[in-house]
Each structure stands twice: as structure tokens, then as C-alpha cells.
Colleague: 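I have a structure here, written as C-alpha cells, and I will follow up with some questions on it.
The shown structure was predicted, so the numbers you read here are calculated from the model rather than taken from an experiment.
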Amino acid sequence: MKAAAASTFGPPDVLRIHELDTPDAGPGEVRVRVKVAGVQPFDAAIRRGWAPPFLAAQPPAVPGNEFAGVVDQIGDRVTGVEPGTEVIGFSTLNAYAEYVVVPADQIVTKPADMPWRVAGGFSGNGQGAHLALSHMGVGKGDTVLINAAAGALGTFAVQLALKWGADRVIGTASEENHDYLRSLGAVPVTYGEGLVERVRAVAPDGVDAALDAAGPEALRASAELVKDRKRIRTMLSFDEARELGIPLFGPGRSQSRLQSLVDLYNEGGITIHIRGAYPLAEAAEAHRAVERGHGRGKIVILVDADS
């Protein structure tokens, strides 16, 4: 099978097409013929050589931790899914490939009317936002700050916070993305120096919870604005979080969490903007786009060019 893999760790150009053995589904697993894979900062970090403690990524490393495709093989003891089922799924690695094998409890059925490009980029950021807001206890009456609100994770987080009853969601973004944030229901605020004062100007009664997907400066601003630091999470700045006494983001992706997001999508409660779709051979360009930041919505890789 073809896969976009890094034979050595480094800049985006290390991602090249490799011919790798097609994996087989083992007991409790399914093999999915991938149509679209989402791209996340986590994937770029893997490509650069970083890995979380539970993972040993060895070259040739195939990034990609979210995907959508068609089940084409099931292993022993798998029930409730058949070859030919269209699914959305998650992994830790290996989604930038024509086939990926995952445990059967890491997929859900794709809604028939969900475009493949949306499905491929749905699982990772959706579950990340859902998990963070859950841990922060976001709910009725809250004022919530989302840093990097126009990005893929921020787009989910804004909509989820409002769906869960937040009175106001303030989103930081570049000025060209302010209209987009308004369309999602957020109050836009510009990044940069003076952020704390700008947020206080639109939220004079204070901020109850904050999610950071922008970096250390935004996290420090969040720590100034939110009284209870247990109600802050960061997706990026873990060293600063330790320093500030902010809880670290923990694992928690699950089939049930993903299904709840799909249910919200089916109810019309979630919309996703795709800002870039790259063929598998241009995975390096997709990584460059993610690492530039300040983008609106989601970037995906078209493993199947017809998706």
C-alpha cells in the first residue's frame, strides 16, 4: 500500500510516499480503506521526532490519528460491523495510508450525508474539544475563552460550549477570521499584546473557563483571567501549564465520545469548515499549512483522490 511516511525525523519534506506492507486485521480489529485523513499539530510533532511517553514512533513513521473510510476486513471476535461499512475512526499513528488497522471500538458509522472531507477531519479535534470542555466543567451560564478559536479545534470548542449552555464564548483569532467567529456565535478578540485587557472589556464580569490552542502567551493570559485554574486546559503549552499549576490534558478519546459528536452533527449542532485538502503525495504541504497557524477550519489529506 502507499503511505506518506517519514524515513527520518525533521521538517515537512521528510514526508514522502513509501510502499509499505498492507496490514491485516487481528482479533478484535478492523481494517479500513482510508479515503480521507485529518491533519493535526500532533502529527507534525511526531514528524519532527517528538512522541508522548506511551508511544515509540520509529522510522518509517506514518503520522495520522484520525480518518474516514470503508471497512474492508474484520478480525475474529468483531461484531456489529461488516465489510463495506462507511466509518469515522481514530488511531495514534498510521492514518496517512491507503489502509489502517484499529481496534473495532475506535470507529463509528459515518452519517450518509456527511462529506468524506468533513468525516476525515472530524474525530481528532472534535474529541479533543469535547474532552477539554468536559474536564473544565463548561456548562450553563459560563463565559468561556477559546484561544485560537478559528482553527479546527477552536471551531469545535466554540460550538460545543454554546451547545452546552455557555452564555458567552469569546474567541481569539486574527482579525481576518473575526466574521467567521461571529458566524459560529463567538465574540471575536484579536491576538497579541493587550489580550487580557481586550477580553476584560467584552467580559467585565470575568471569564469562567479557558481553553488554549494558541501557545504560551495565550495560556498566561488565560491564567490571569480565570480565577480557578482547574478550569483551564492547554493543547500545546504543557511546560507552562505545569509552571502555572494548570491541569494537564489527559487521554480520553473513545467510541462513545465520538458517537456523541456524530449525534450532534446529525442534529445540526456542529458545522466544520475545510480550509485545505491535499492529495497524499502532498502531505508535506499539508503539514506546512498546519504549522503556519492562523488558519480557519480544518486541513485534510485525500488518501483517495476522488474523495
Colleague: Does the salt bridge (Lys or Arg N to Asp or Glu O under 4.0 Å) test come out yes or no for Arg288 and Glu285, once each step is laid out?
Modeller: CA-CA 5 Å; Arg288 288 190 186 93; Glu285 288 300 321; 2.5 Å; yes
Colleague: Working note: Asp43 + Leu93, criterion side-chain contact (heavy atoms from CB on, under 4.5 Å); need CA distance, chi angles, decisive distance, verdict.
Modeller: CA-CA 8 Å; Asp43 304 339; Leu93 296 171; over 6 Å; no
Colleague: Between the main-chain N or O of Gly252 and the side-chain N or O of Arg257, is there a donor-acceptor pair closer than 3.5 Å?
Modeller: yes
Colleague: How far apart are the C-alpha atoms of Asp179 and Arg182, what are their side-chain angles, what is the distance that settles it, and do they pass the salt bridge (Lys or Arg N to Asp or Glu O under 4.0 Å) test?
Modeller: CA-CA 5 Å; Asp179 284 345; Arg182 291 187 186 98; 2.7 Å; yes
Colleague: Restricting to pairs with a member in residues 102-117, which pass salt bridge (charged side-chain N to carboxylate O under 4.0 Å, His left out), not counting sequence neighbours?
Modeller: Glu86-Lys110
Colleague: Check for a donor-acceptor pair, side chain of His18 on one end and backbone N or O of Ala4 on the other, with a separation under 3.5 Å.
Modeller: no
Colleague: With no hydrogens and no angle check, is any side-chain donor or acceptor of Gln73 less than 3.5 Å from a backbone partner on Ala25?
Modeller: yes
Colleague: Any side-chain heavy-atom pair from Trp50 and Phe42 closer than 4.5 angstrom?
Modeller: yes
Colleague: Would Phe122 and Phe156 count as a close aromatic pair, with their ring centres under 6.0 Å?
Modeller: yes
Colleague: Could you tell me whether Arg31 sits above the aromatic face of Tyr99, with NZ or CZ closer than 6.0 angstrom to the six-membered ring centre and within 45 degrees of the axis?
Modeller: yes
Colleague: Tell me if a side-chain donor or acceptor on Glu29 pairs with a main-chain N or O of Gly75 at a distance below 3.5 Å.
Modeller: no
Colleague: Check whether any side-chain N or O of Thr234 sits under 3.5 Å from a backbone N or O of Ser237 as a donor-acceptor pair, and report yes or no.
Modeller: yes
Colleague: With ring centroids as reference points, do His287 and Tyr278 lie under 6.0 angstrom apart?
Modeller: no
Colleague: Has Ser174 got a side-chain atom pairing as donor or acceptor with Asn177's backbone, closer than 3.5 angstrom?
Modeller: no
Colleague: Would you check, one step at a time, whether the test salt bridge (Lys or Arg N to Asp or Glu O under 4.0 Å) holds for Arg48 with Glu291?
Modeller: CA-CA 12 Å; Arg48 292 192 298 267; Glu291 291 181 306; 2.4 Å; yes
Colleague: After noting the C-alpha distance and the side-chain angles of Lys35 and Asp306, does the key distance pass the salt bridge (Lys or Arg N to Asp or Glu O under 4.0 Å) rule?
Modeller: CA-CA 8 Å; Lys35 293 183 76 69; Asp306 295 328; over 6 Å; no
Colleague: Is there a donor-acceptor contact under 3.5 Å from the side chain of Arg296 to the main chain of Arg275?
Modeller: no
Colleague: What I want to find out is whether Glu66 reaches Arg253 closely enough, with some N-O distance under 4.0 Å, to be called a salt bridge.
Modeller: no
Colleague: Backbone N or O of Lys230 within a donor-acceptor pair of the Asp228 side chain at under 3.5 Å?
Modeller: yes
Colleague: Donor-acceptor pair, Ser222 side chain versus Ala218 backbone, under 3.5 Å?
Modeller: yes
Colleague: Would you check if the side chain of Arg47 reaches a backbone N or O of Gly10 as a donor-acceptor pair within less than 3.5 Å?
Modeller: yes
